Peer 1: 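The structure's right below; bear with me while I get my questions together.
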Amino acid sequence: MKVAVFGTGYVGCVTAACLARDGHHVVGVDVDAEKVAQINAGQSPVVEPGLAELIAQATKNGRLRATINADEAVRCTEIALVAVGTPSNGDGSVSSDAVERVVRAIGRALRTLRKPYGVVIRSTILPGVLENTLRPALLQELEPAFPAEEYGESVWLANNPEFLRETTAIADYDDPPFVLVGADEEWQAQLVFSLYDSVRAPRHWTDTRTAALVKYACNAFHATKVCFANEIGALARELGADGQEVMRLVCEDRKLNISPAYLRPGFAFGGSCLPKDLRALVRAAELHALKLPLLSSLLLSNNEHFRRAVRMVRAAGVRRIGLVGLSFKARTDDLRESPQVALAEELLGKGHELRIYDPYVRVTQLRGQNLAYIDRHLPHLAALLVDDPASLLEHSELLVLATDVANELDLNGFSGPILDLRCDLVRAHRATHAAAAHIR
């Protein structure tokens, strides 16, 4: 393909050089004339292992050149990758001004050229920037050559986040975790995927907002891992343990620790271990005058997630509520620090008429701390529990699905709203059965 790459920094240069190496004809575009001259001379404007050799070879065989002229670049290409910077503003927000300027420049060029074209954002942008800023800017520049109703057919926008690390960028380009494209139409995504035919990695097409947030989520997770390891290391030093060995062994667990386990949006955590052990770690640090901001924030974060769930239930504006699942984990009767117990207690306190279905919880079988906990928080539990799902559905104006006990129920006959805390607290979907329900 004939590709324009706007921005010749780390991401743009690596992308342009690798595309040219893989057989595409690439035009790099930059406002910096010195960078353009370096590329045309077969030199790399950035320091990255292996990049200078790729650029030298690509310019020598005629597959890579650079220009400062956006119109020229658009004229001789069929698709553009935008890889300009999105730096932080003084208040911490991200600036997408450079991306918007490039998109507008492409739009102005297309207004004259009147040809089909794809604009693919490789820069890191937040959800909403493409939809609320870049798309209107592009449409404004395209008029009247391309009426708004033609957007998506002749000219279209997509995003293609990169996952390149400096010093290993070429290897990361060739062996990414996946190739991700956010696009309105599948054919647009397939066109972007065709740029990476030589890359052997899973392909994922999703909507543009989700694709944008994936990049931010990945970087936030990386930062979280660094801080987590550092805080465990600091605590280990104070307690006389070997922090390196602790984290080495933590990483040996590929079932729960280094795995997809627990990495799905859902309800708050609870149970007999996680809250108790977090409190113990934070208190041990305090006794050693050690600040652990990340670990200390986890219970606060968990509580805020719980409060959001309460607000969503209350926002339904109904009085009679059915709660499916009471124990902190499905198919147990362990109620200690269960967020479902806390939710039930909160809703009762707000005057809701609550019924609870959990066939694994029997008040007469509760013992010890488990019984003491429920006596303290839901002393009238026996009057709230129902054995028959039909009576729960008959009672309820709103169903709240809290654990996978809901998978054992047939909810197709329930006509009221369903809030599924297991899956997502924000997105609304049509529920067809309990396992797939979010909010109906």
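Since the model is a prediction, treat every value here as computed from it, not as a measurement.
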Peer 1: Tell me if a side-chain donor or acceptor on Ser93 pairs with a main-chain N or O of Asn89 at a distance below 3.5 Å.
Peer 2: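 Not confirmed, Ser93 side chain does not pair with Asn89 backbone.
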Peer 1: Between the side chain of Thr59 and the main-chain N/O of Ala56, is any donor-acceptor distance below 3.5 Å?
Peer 2: yes
Peer 1: So, are Arg75 and Glu72 salt-bridged, with charged N and O less than 4.0 Å apart?
Peer 2: no
Peer 1: Count the heavy atoms belonging to other residues, nucleotides or ligands that lie under 6.0 Å from CD of Gln369, then report whether that count exceeds 12.
Peer 2: no
Peer 1: Are there more than 12 heavy atoms of other residues, nucleotides or ligands under 6.0 Å from atom CD of Glu304?
Peer 2: yes
Peer 1: Using only atom types and a distance under 3.5 Å, with no angle test, would you say the side chain of Glu238 pairs donor to acceptor with the backbone of Leu290?
Peer 2: no
Peer 1: Asn370: which residues meet the side chain to side chain contact (heavy atoms under 4.5 Å, CB included) condition with it, sequence neighbours left out?
Peer 2: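 Checked Asn370 against side chain to side chain contact (heavy atoms under 4.5 Å, CB included); matches are Asp333, Asp334, Leu335, Arg336, Leu366.
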Peer 1: Tell me, please, which residues at least two apart from Tyr373 pass ring-ring contact (aromatic ring centres under 6.0 Å, His included).
Peer 2: His377
Peer 1: Got a sec, which pairs hit salt bridge (Lys or Arg N to Asp or Glu O under 4.0 Å) with one end in residues 145-171, sequence neighbours left out?
Peer 2: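 Sorted result for residues 145-171: Glu162-Lys215, Arg165-Asp172.
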Peer 1: Tell me if a side-chain donor or acceptor on Arg122 pairs with a main-chain N or O of Asn160 at a distance below 3.5 Å.
Peer 2: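 Yes: the side chain of Arg122 pairs with the backbone of Asn160.
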Peer 1: Just wondering, are more than 12 heavy atoms of other shown residues or ligands nearer than 6.0 Å to CG in Leu126?
Peer 2: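 Buried by this count: over 12 neighbours within 6.0 Å.
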Peer 1: Between the side chains of Glu131 and Thr208, does any donor sit under 3.5 Å from an acceptor?
Peer 2: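 There is such a pair (donor and acceptor under 3.5 Å, judged by atom type) between the side chains of Glu131 and Thr208.
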Peer 1: Between the side chain of Asp30 and the main-chain N/O of Lys35, is any donor-acceptor distance below 3.5 Å?
Peer 2: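 A pair under 3.5 Å: no.
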Peer 1: So how far is it from Asp174 CG to Arg21 CZ, rounded to the nearest 0.5 Å?
Peer 2: 4.0 Å
Peer 1: Short question: side chain of Ser123, backbone of Val82 - any donor-acceptor pair under 3.5 Å?
Peer 2: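 Between the backbone of Val82 and the side chain of Ser123 there is a qualifying donor-acceptor contact (under 3.5 Å).
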Peer 1: With a 6.0 Å cut-off (strictly less than), is the heavy-atom count around NZ of Lys291, excluding the residue itself, greater than 12?
Peer 2: no
Peer 1: How close do Gln140 and Arg104 get, counting heavy atoms only, and between which atoms?
Peer 2: OE1-NH1, 2.6 Å
Peer 1: Nearest 0.5 Å, what's the CG-OG distance between Leu256 and Ser259?
Peer 2: 5.5 Å
Peer 1: Can you list the steps and then say if Leu299 with Phe269 is a side-chain contact (heavy atoms from CB on, under 4.5 Å)?
Peer 2: CA-CA 9 Å; Leu299 288 170; Phe269 65 75; 4.0 Å; yes
